[in-house]
Amino acid sequence: MTQNYNITLLPGDGIGPEIMSVAVEVLNVIGKRFDLKFTFQTALIGGAAIDETGEPLPSATLDMCRNSNSVLLAAIGGYKWDTLPSYKRPEAGLLGLRAGLELFANLRPAKILPQLIDASTLKKEVVDGVDIMVVRELTGGIYFGKPKGIFTTETGEKRGVNTMVYSESEIHRIGKVAFETAKKRGGKLCSVDKANVLEVSQLWREGITKLAAEYPEVELSHLYVDNAAMQLVRAPKQFDTIVTGNLFGDILSDAAAMLTGSIGMLPSASLGANGPGVYEPVHGSAPDIAGQDKANPLAQVLSAAMMLRYDLNQPQAADLIENAVLQVLQQNYRTGDIMSPGMKLVGCRAMGDALLQILEL
Ligand code: NAD
């Protein structure tokens with residue numbers, strides 16, 4: 001029986017529309033192969049939404065996202081909107097989307113693809129086989145804790161304040177996502193905190209440790225964040241799944257991503273308790289190459305694969321897309337960002353066509 005899915009597309013700005021159209025074509029081909037029917041609706045976000053409506057996240061966009069099975073986002077932002085006040089800038093659209101859909105878990109895979117191993121700045125033997133998933137808490141911690149702000153003391157001196165805070169329920173829900181993720185992967189979970197100094201981290205460690213009893217098949221370990229940063233560049237293969245708070249996750253997920261050396265290849269997922277998740281590449285809107293058919297669409301395509309895996313529960317369809325990406329690289333097709341000597345330089349469109357050819361076989 002045909003499975004029907006309503007997908008909201010948010011192409012956004014810069015290279016967004018170019019890479020999104022490749023992902024949509026890939027999904028349509030996959031749909032035919034697996035008897036899935038995707039109904040796509042496109043909505044405005046970021047700079048494109050500001051130009052059209054004056055708001056980076058129009059309420060119609062949020063409503064459409066809420067009423068769909070999943071959301072595929074490309075990227076937002078660009079020079080044109082850089083001088084607007086922060087609440088009016090394209091980035092405010094992203095934050096509003098995360099808050100509006102209560103997306104508390106951010107999943108960022110960092111996997112070395114053998115065909116691109118030379119793109120890493122680390123030695124081949126250190127990164128060969130790296131396959132890490134960073135699960136970052138996204139709606140709590142020091143980015144949202146109160147009090148926050150810059151205050152003036154009685155003596156007239158200014159003080160900047162942010163507060164790192166996690167409640168037991170916040171730790172429990174991100175912990176559950178992380179254990180479930182680890183269970184589906186290599187069965188190893190490393191929780192990262194700063195429990196030797198921070199009380200909030202002591203509660204974090206206690207909560208994650210308590211949850212471990214529900215997941216006997218997952219091997220849990222703990223690391224302090226400074227050591228985790230060191231281990232990520234020293235011996236990254238020791239990690240399978242990492243779970244951590246908002247601030248530590250922000251930093252460590254970028255460090256993990258850079259083990260792979262190629263920003264145009266990295267997808268991500270942001271998940272809530274119920275309702276649709278948002279799937280998007282890690283990179284931005286690349287305004288420097290927008291409209292020139294130079295963008296690498298593979299992170300966007302891999303984001304669509306994550307959507308199939310996590311929101312739509314179609315792991316075989318996801319596997320097929322991920323394998324097709326490996327195959328186009330095996331056939332030596334490269335966009336400019338991952339180009340190396342002896343490879344075939346192609347644009348966004350041609351990379352998409354090469355993918356479709358493999359998927360249509
Ligand atoms: P960026 O990721 O857009 O670009 C960094 C560099 O990587 C550029 O040289 C760009 O050409 C290249 N690049 C990025 N994605 C690529 C791809 N798919 N194919 C080929 N090359 C690619 O980061 P930036 O330049 O710091 O930011 C540009 C704009 O994007 C800013 O307005 C920023 O706020 C926004 N941004 C948005 C997001 C998001 O939508 N989630 C994330 C980061 C930055």
Side-chain angles (χ1 to χ4, degrees), residues 8-23 26 43-51 56-57 61 65 71-99 101 103 106-108 113 116 119 121 136 138 143 249-251 253-254 257-258 260-270 277-304 306 325 328-329 333-340 343 345-352 354-355:
T8 297
L9 303 176
L10 304 174
D13 308 316
I15 60 170
E18 301 165 56
I19 57 177
M20 183 65 90
S21 83
V22 172
V26 165
L44 292 166
I45 191 168
I50 294 170
D51 286 352
L57 181 69
T61 295
C65 292
V71 179
L72 193 59
L73 168 69
I76 51 92
Y79 317 125
K80 184 176 170 189
W81 305 281
D82 277 354
T83 50
L84 292 170
S86 61
Y87 69 96
K88 280 261 176 213
R89 284 174 59 155
E91 290 77 2
L94 263 192
L95 296 178
L97 188 67
R98 286 177 188 159
L101 297 178
L103 305 172
N106 185 224
L107 271 59
R108 294 245 321 240
L113 305 180
L116 296 181
T121 49
R136 167 190 170 195
L138 202 58
Y143 291 179
D250 194 358
I251 299 162
S253 60
D254 270 11
M258 271 305 104
T260 70
S262 43
I263 198 169
M265 297 296 304
L266 297 166
S268 77
S270 301
V278 173
Y279 297 81
E280 59 180 310
V282 166
H283 61 73
S285 58
D288 52 334
I289 56 166
Q292 300 171 37
D293 193 33
K294 286 183 178 166
N296 181 350
L298 296 179
Q300 184 73 63
V301 168
L302 291 170
S303 302
M306 281 190 94
V325 168
V328 281
L329 296 173
Y333 290 112
R334 299 286 188 275
T335 43
D337 58 312
I338 51 172
M339 185 59 191
S340 59
M343 300 291 124
L345 181 65
V346 290
C348 182
R349 245 314 356 113
M351 184 61 107
L355 264 180

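Numbering of ligands and ligand atoms starts at 1, following listing order. Owing to the predicted nature of the structure, the values given are computational and were not obtained by experimental measurement.
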Of Asp288, Ile19, Asn296, Ile263, the residue with the heavy atom nearest atom 11 (O) of ligand 1 is Asp288

Counting heavy atoms only, name the option from Ser262, Ala299, Gly78 that's nearest to atom 32 (O) of ligand 1.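 Heavy atom nearest to atom 32 (O) of ligand 1 belongs to Gly78.
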
Using a 4.0 Å heavy-atom cut-off, say whether [X] meets ligand 1 through its side chain, its backbone, both or neither.
X      : value
Glu91  : side chain
Pro287 : side chain
Asp13  : neither
Ile76  : both

Considering all heavy atoms of both residues, which atom of Leu298 and which atom of Met351 are nearest to each other, and what is their separation?
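Here Leu298 and Met351 meet closest at CD1-CE, 3.9 Å.
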
Nearest heavy-atom approach of Asn296 to Met265 is ND2-SD, 3.5 Å

*If you measure from the Lys or Arg side-chain nitrogens to the Asp or Glu carboxylate oxygens, is any gap between Asp254 and Arg108 under 4.0 Å?*
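Arg108 and Asp254: salt-bridged.
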
Exercise. Does the distance from a Lys or Arg side-chain N to an Asp or Glu carboxylate O, for Asp13 and Lys80, drop under 4.0 Å?
Worked result: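 Looking at Lys80 together with Asp13, the answer is no, because their closest N to O distance does not fall below 4.0 Å.
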
What is the nearest protein non-hydrogen atom to [atom], stated with its residue, atom name and distance?
atom                    : result
atom 39 (C) of ligand 1 : Leu94 CD1, 3.8 Å
atom 44 (C) of ligand 1 : Gly284 CA, 3.5 Å
atom 13 (N) of ligand 1 : Ala286 CB, 3.9 Å

Nearest protein heavy atom to [atom]: under 4.0 Å?
atom                    : value
atom 24 (P) of ligand 1 : no
atom 6 (C) of ligand 1  : no
atom 27 (O) of ligand 1 : no
atom 2 (O) of ligand 1  : yes

Mind checking whether Met343 and Ser340 have side chains closer than 4.5 Å, heavy atoms only?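 They are in side-chain contact.
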
Per-atom contacts of ligand 1 with [X], taking only distances under 4.0 Å to non-hydrogen atoms:
X      : answer
Ala295 : 19 (N)
Ile15  : 17 (C), 18 (N)
Gly77  : 32 (O)
Ala75  : 40 (O)
Ser285 : 3 (O), 29 (C), 30 (O)
Ile289 : 11 (O), 20 (C), 21 (N)
Glu280 : 41 (N)

Nearest-0.5 Å distance that lies between atom [atom1] in [X] and atom [atom2] in [Y]:
X      : Y      : atom1 : atom2 : result
Gln300 : Ile19  : CD    : CD1   : 4.5 Å
Leu57  : Cys65  : CG    : SG    : 7.5 Å
Leu44  : Leu10  : CG    : CG    : 9.0 Å
Ile15  : His283 : CD1   : NE2   : 4.5 Å
Leu113 : Leu329 : CG    : CG    : 6.5 Å
Glu18  : Ser285 : CD    : OG    : 11.0 Å

Is it true that, when you exclude Tyr79 itself, more than 12 heavy atoms of the residues, nucleotides or ligands shown sit nearer than 6.0 Å to its OH? yes

Sub-3.5 Å donor-acceptor pair from the side chain of Thr8 to the main-chain atoms of Val71, do we have one? no

Checklist entry - Considering distance alone, does some N or O of Lys294 sit under 3.5 Å from an N or O of ligand 1? => result no

